[in-house]
Amino acid sequence: MLNVTKTSSSRVDIELDGELNSDQMRRALDKLIEASEGVRNGVMLYRITDFELPTVGAIAVEFSRLPKLFGLLGKFDKCAVLSDSAWIRTTAEIEGAVFPGIKIKSFELQESEAAESWLSK
């Protein structure tokens, strides 16, 4: 499951839980692109639980939307990643070092208050 919610004019929340197929990926990425329209200096909260690798079809859908997804990077200043998986948190921190213009910080799943505080600074 992948849910995207625009909680304010400058914030988008994403929740990924479990398996992800091509239809779910298509709907969620389209919603993410739509929710990000008009966002400037935005923040994102990304909650990842019970992660499973996406299906091959879901990965193909993501690749087909990469140009639009890279365009979203300039709309967001910060992304807090909450996860119950250490390797996902580490990967998020590496992405934060690689992608210019966006700060990405990872938190353990139970650290949602700290993530919210960091996003609001």
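Between Phe99 and Phe70, the ring-plane angle classifies as tilted under the 30° and 60° cut-offs.
Under the 4.5 Å side-chain criterion, counting only non-hydrogen atoms from C-beta, Lys75 is in contact with Leu72. At least one side-chain heavy atom of Lys6 sits less than 4.5 Å from a side-chain heavy atom of Val39.
Looking at Glu62, its side chain never comes within 3.5 Å of a backbone N or O of Met25 through a donor-acceptor pair. Under the 3.5 Å distance criterion, the side-chain polar atoms of Glu93 are left unmatched by any main-chain donor or acceptor of Thr90. A donor-acceptor pair under 3.5 Å is absent between the side-chain atoms of Ser22 and the main chain of Gly57, judged by distance alone. A donor-acceptor pair under 3.5 Å is formed between the side chain of Ser83 and the backbone N or O of Ser85.
Rounding to the nearest 0.5 Å places NZ of Lys68 at 7.5 Å from CG of Asp30.
The hydrophobic clustering, which links ILVMFWY residues whose side-chain heavy atoms are closer than 4.5 Å, places Ile48 and Val43 apart. Under a hydrophobic-cluster definition in which Ile, Leu, Val, Met, Phe, Trp and Tyr are linked whenever side-chain heavy atoms come within less than 4.5 Å, directly or via other members, Met44 and Phe107 are assigned to different clusters. Residues Phe76 and Leu69 are members of one and the same hydrophobic cluster, defined by side-chain heavy-atom contacts under 4.5 angstrom among Ile, Leu, Val, Met, Phe, Trp and Tyr.
At a cut-off of 3.5 Å, with distance as the only test, a side-chain donor of Asp17 or Thr49 sits close to an acceptor on the other residue.
Judged as a side-chain hydrogen bond (donor to acceptor under 3.5 Å, both in side chains), the pairs with a partner in residues 112-121 (not counting sequence neighbours) are, in order, Arg11-Glu116.
Between Leu45 and Ala115 the shortest heavy-atom distance is CD1-CB, 4.2 Å. Ser10 approaches Arg40 most closely through the heavy-atom pair CB-O, 4.2 Å.
More than 12 non-hydrogen atoms from other residues, nucleotides or ligands lie less than 6.0 angstrom from CD of Gln110.
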